[in-house]
Amino acid sequence: MENTPASNFLQNIVRDDLAAGRVTEVVTRFPPEPNGYLHIGHAKSICVNFGLAEANGGRCNLRFDDTNPEKESQEFIDSILEDVRWLGFSWDGEVRFASAYFQQLYDWAVYLVEQGKAYVCDLNAEQAREYRGTLTEAGRNSPYRDRSVEENLDLLERMKAGEFAEGERVLRAKIDMASPNMNMRDPILYRIRKVQHHQTGKDWVIYPTYDFAHGQEDAIEGITHSVCTLEFEDHRPLYDWFINNLPVPSKPKQYEFGRLNPSYTVTSKRKLKQLVDEGVVSGWDDPRMPTVSGMRRRGYTPAAIRKFCEMIGTTRSDGVVDVAMLEFAIREDLNENAPRAMAVLNPLKIILTDYPEDKVELLSAPAHPTREELGERELPFTREVYIDAEDFREEANKKYKRLVLGKRVRLRNAYVIEADSVVRDEQGNITEVHAHTIPNTIGENPEDGVKPKGVIQWVSASHGKQAEVRLYDRLFNHEAPDRGDNDFMAHINPDSLQVVEQAWIEPSLADAKPEQGFQFEREGYFVADRDEHSAQHPVFNKTIGLRDTWQG
RNA sequence: UGGGGUGUCGCCAAGUGGCAAGGCACCGGGUUUUGAUCCCGGCAUUCGCAGGUUCGAAUCCUGCCACCCCAGCCA
């Protein structure tokens, strides 16, 4: 339960670098492209990068890798900033932007041209693909590869000046068209994009590619350990090539770890977008989405998400993590911190025939079973109460520990009652149950020694409030909805959302603030909806159910 | 068929030549005014496979096999 400092290969590398004096301080960065919402996978990356710095007395920058204006926007910048803050991390200094380094990057491009290590290529996209070769065949040199430095300089300047159309020319590094590593086959450094950039406006019509930008951004910021995911491993030789061939102010090193793949989940941006676009979910922050904003609205807590990231570790192997682990982390945090309350989702009225009609007893109950400091809340007890229909049966075997006709049950934090009879409607459905209280059973067992079989939650029919409760379940009913040739849309769980329009909640819950989480005893953890909850119209989202081992 | 990776219990994951940590899940049992929590106990003679080196191998060597990534002017 104690926080053993997460030891992993990255931590070991940092520790050794610090010990050997290769670096005096660890500086990492979280470098999202502002082209979408952050999801659970990004949360892991955030924990890894900020965590590595934090654990070693270093710093972590937040830098937007905004080199492709076509797909980016201020909206995404804002949401990413909010999500990182919400997760509880503080970046070093101001927020950084790759676009703030565009001039420096351009100057370095000119430098490479001057060194004869870059050239302007007139091949169009299709031709370039042909020249690139395949995985098993070497590529061929571009016919423009041997232009003079002067001509390249002139052409590059004119690309920058907007003299050419998009796609007409690119700047490429002169490396090796026969390299078995595709990334080294004269990679593109700059392409023409005549679009408005969310940060730099119309200043540029050429934009650097990821490969030409990322390592240099790291170098400018003095990043010591540039941590990314495994698919960038093949780019490392190129990353190093730029760092070694340019007069950069520092020499960062890239390290890769395995991406997080939770089971029963999709995290690809394209697929998440499809879920939103096709109305499968209500938006990017739908509580069923694995986005940070979705998890937030679902009632997951930053502490639980961070704990989960710590639990799964950071390695170079690629696997599928059981979402049960995430769920465990959520329950663990909420069990410790969420105040308890009672709610009845499927109401069945109980009339306590021995209890005076106008009588109201103000009982009090602890907000938490073990944490007294969380205080108490008041529970009005009345003649008519609601219990869950699931908690009553006319007859049942001994394994059923709830209310049964002729038997007793404890109303949580209140009296023991005994069921006497049922009232039915014309269709024969039970509409209410008549019962009576057992005297002196508040905080005490019945004096006649006949103990109740179980304990159930209840809400006063006259003093309780009504609420909308949204019951969420996994969005997919397949462990790996998008593995192989699976059509993930075919594995959508049709029961991932069930809305209870009129649940009954104990009166104290009317004071809940949006985003406040509770445990509805015997039901699970719920959170007051961030956007739609109000005292007038309470709305609670089910975060996660309680562990349920009842085999009945 | 080129290059780069990864293979330790159902899942995640320690371990780096000395005789398989831990967590999740699961299965027992105890406590309990939440069938929750909590507490106790169980859960890999075996580390992708096959050889080899060694007194000794998950750890070293050789050869296989499986899976992942790379042919965007995306990141």
Side-chain angles (χ1 to χ4, degrees), chain A residues 4 7-8 31-33 35-36 65 67-68 70-71 121 123-125 128-130 132-139 166-172 178-185 187-193 206-207 209-211 213-214 228-237 256 258-260 263 269 308 310-329 331-332 335-336 340 342 365 369-370 399-402 409-414 416 441-445 451-452 454-457 479 519-524 545-552:
Chain A
T4 24
S7 166
N8 58 57
E33 184 189 13
N35 70 344
D65 211 357
T67 57
N68 185 8
E70 283 184 320
K71 298 181 174 177
C121 180
L123 255 26
N124 64 33
R129 192 181 335 119
E130 285 164 16
R132 193 156 36 233
T134 68
L135 294 178
T136 54
E137 300 163 41
E166 287 190 13
E168 200 176 330
R169 287 192 165 85
V170 294
L171 181 72
R172 303 175 69 177
S179 171
N181 181 344
M182 301 295 289
N183 297 121
M184 300 301 272
R185 321 243 264 223
I188 290 171
L189 276 40
Y190 270 94
R191 70 292 211 195
I192 299 169
R193 284 286 174 281
I206 58 173
Y207 291 95
T209 54
Y210 165 84
D211 285 313
H214 205 93
C228 60
T229 43
L230 249 25
E231 67 270 27
F232 290 101
E233 190 156 24
D234 289 342
H235 294 246
R236 194 170 63 221
E256 312 85 17
R259 217 181 238 301
L260 165 62
S263 58
K269 218 165 268 178
F308 167 67
E310 191 181 298
M311 277 172 73
I312 59 177
T314 307
T315 69
R316 289 175 57 83
S317 69
D318 237 338
V320 173
V321 172
D322 194 339
V323 282
M325 269 201 239
L326 209 206
E327 296 173 348
F328 170 83
R331 288 193 185 101
E332 185 183 48
N335 175 57
E336 180 68 20
R340 309 291 128 120
M342 292 194 284
T370 59
K399 295 192 70 177
Y400 186 78
K401 308 202 304 186
R402 310 175 192 185
V409 80
R410 157 81 63 186
L411 292 182
R412 175 72 165 159
N413 295 126
V416 172
T441 49
I442 295 201
E444 303 289 342
N445 277 321
K451 290 191 195 171
V455 183
I456 61 174
Q457 78 275 22
E479 189 178 1
Q519 182 196 102
F520 289 176
E521 288 187 292
R522 301 210 316 131
E523 289 288 354
L546 255 27
R547 195 163 80 96
D548 184 5
T549 53
W550 188 46
Q551 303 296 321

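Letters A, B, ... mirror the listed sequences (proteins, then strands); counts begin at 1.
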Side-chain N or O of T209(A) versus OP1/OP2 of C74(B): is the shortest distance under 4.0 Å?
no
Without decimals, in angstroms, what is the distance between N124(A) CG and G72(B) C1'?
14 Å
Closer than 4.0 Å, any side-chain N/O of R193(A) to the OP1 or OP2 of C74(B)?
yes
Nearest-Å distance for atom pair CG/P, residues L230(A) and C68(B):
13 Å
If we only count heavy atoms from C-beta on, is the Y207(A) to T67(A) side-chain gap below 4.5 Å?
no
Flag if over 12 foreign heavy atoms under 6.0 Å of CZ, R259(A):
no
Has N181(A) got a side-chain atom pairing as donor or acceptor with D234(A)'s backbone, closer than 3.5 angstrom?
yes
Kindly indicate whether the side chain of T441(A), heavy atoms from C-beta on, has any atom under 4.5 Å from the side chain of R410(A).
yes
Under 4.0 angstrom, heavy atoms only, what part of the nucleic acid is L326(A) near: base, sugar-phosphate, or nothing?
nothing
Between A13(B) and A44(B), how many Å separate the two C1' atoms, rounded to a whole number?
14 Å
For nucleotides G10(B) and U54(B), find the distance between their P atoms and express it as a whole number of Å.
34 Å
Rounded distance (Å) that lies between atom P of C69(B) and atom CD of E233(A)
13 Å
Could you please name the partner base of A75(B), counting Watson-Crick and G-U wobble pairs only when both distances are under 3.5 Å?
none
P spacing across the pair A50(B) / G15(B), given as an integer number of angstrom
26 Å
Checking only heavy atoms, does the side chain of N181(A) share a donor-acceptor pair with the base of G4(B) at less than 3.5 Å?
no
In the strands shown, is A66(B) matched to any nucleotide by a Watson-Crick or G-U wobble pair with both distances under 3.5 Å, and which?
U6(B)
Side-chain contact check for L546(A): nearest option of U6(B), A36(B), G2(B) is A36(B)
Need one value for P32(A): base, sugar-phosphate or nothing, where a base atom within 4.0 Å counts as base even if backbone is also close, heavy atoms only.
nothing
Measure the distance from CD1 on I188(A) to C1' on C74(B) and round it to the nearest whole Å.
11 Å
Which is true for G167(A) with a 4.0 Å heavy-atom rule: it touches a base, it touches only sugar-phosphate, or it touches nothing?
base
Heavy atoms only, 4.0 Å cut-off, all strands: where does Y190(A) land among base, sugar-phosphate and nothing?
nothing
Can you check the D234(A) CG to U6(B) P distance for me, whole Å?
12 Å
Between C70(B) and G63(B), how far apart are the C1' atoms? Round to whole Å, please.
26 Å
What I'd like to find out is whether the side chain of H235(A) reaches to under 4.5 Å of the side chain of D211(A), using heavy atoms alone.
yes
How many whole angstroms separate atom NE2 of H235(A) from atom P of G4(B)?
15 Å
Taking the minimum atom-to-atom distance to the side chain of R402(A), which one of G35(B), G72(B), G4(B) wins?
G35(B)
Can you tell me how far P of G72(B) sits from CG of N35(A), to the nearest Å?
19 Å
Per atom distances to the R316(A) side chain, the nearest of U6(B), G35(B), A75(B) is U6(B)
Given G35(B), is OP1 or OP2 found less than 4.0 Å from the side-chain N or O atoms of R522(A)?
yes
Give one of base, sugar-phosphate or nothing for I312(A), where a contact means two heavy atoms less than 4.0 Å apart.
sugar-phosphate
Just wondering, do L260(A) and I312(A) contact through their side chains at under 4.5 Å, heavy atoms?
yes
Over all strands shown, is D318(A) touching base, sugar-phosphate only, or nothing at heavy-atom distances under 4.0 angstrom?
sugar-phosphate
For K269(A), I'd like to know if atom NZ has over 12 heavy atoms of other residues, nucleotides or ligands within 6.0 Å.
yes
Under 4.0 angstrom, heavy atoms only, what part of the nucleic acid is N445(A) near: base, sugar-phosphate, or nothing?
nothing
Which part of the nucleic acid, if any, lies within contact of S317(A), taking any heavy atom under 4.0 Å across all strands shown: a base, the sugar-phosphate backbone alone, or nothing?
sugar-phosphate
So what does E256(A) hit on the nucleic acid, given a heavy-atom distance under 4.0 Å: a base, only sugar-phosphate, or nothing?
nothing
Between L135(A) and M182(A), just flag the one whose closest nucleotide in RNA chain B comes earlier from the 5' side.
L135(A)
Return the orientation label for the Y400(A) and W550(A) ring planes: parallel under 30°, perpendicular over 60°, tilted otherwise.
tilted
Phosphate contact (A71(B) OP1 or OP2) by R132(A) side-chain N/O below 4.0 Å:
no
With heavy atoms under 4.0 Å as the rule, sort N68(A) into base, sugar-phosphate or nothing.
sugar-phosphate
Can you tell me, in whole Å, how much space there is between the P of G42(B) and that of A21(B)?
13 Å
Is the base of G72(B) syn or anti, if syn means a glycosidic angle within 90° of 0?
syn
Rounded to the nearest 0.5 Å, how far apart are CZ of R191(A) and CG of L189(A)?
10.5 Å
So, taking the atom named OG1 in T134(A) and the one named CE in M182(A), what distance separates them when rounded to the nearest 0.5 Å?
7.0 Å
For atom C1', what is the distance between G3(B) and C12(B), given to the nearest Å?
29 Å
Just to be sure I understand the rule, does R340(A) reach a base, reach only the sugar-phosphate, or reach nothing, if contact means heavy atoms closer than 4.0 Å?
base
Atom CG of D211(A) and atom C1' of C70(B) are separated, to the nearest Å, by 12 Å
Nearest listed nucleotide, side chain of P180(A), among G5(B), G3(B), C73(B)
G3(B)
With a 4.5 Å heavy-atom cut-off, do L411(A) and I456(A) have their side chains touching?
yes
Taking NZ, NE, NH1 and NH2 as the nitrogens, is one of them in E33(A) or K71(A) under 4.0 Å from a carboxylate oxygen of the other?
no
What's the gap between G2(B) and A71(B) when it is taken at their C1' atoms, as a whole Å value?
11 Å
Under 4.0 Å, counting only non-hydrogen atoms across every strand here, what does T315(A) touch: a base, just sugar-phosphate, or nothing?
sugar-phosphate
N/O to N/O distances under 3.5 Å, protein versus nucleotides 23-29 of chain B:
none

At under 4.0 Å between heavy atoms, what does T370(A) touch on the DNA or RNA strands: base, sugar-phosphate, or nothing?
nothing
Is there a donor on the side chain of E523(A) or the base of U34(B) sitting less than 3.5 Å from an acceptor on the other?
no
Report which part of the nucleic acid I442(A) touches: base, sugar-phosphate, or nothing (heavy-atom distance under 4.0 Å, all strands).
base
Between C60(B) and G28(B), how far apart are the two C1' atoms, rounded to whole Å?
42 Å
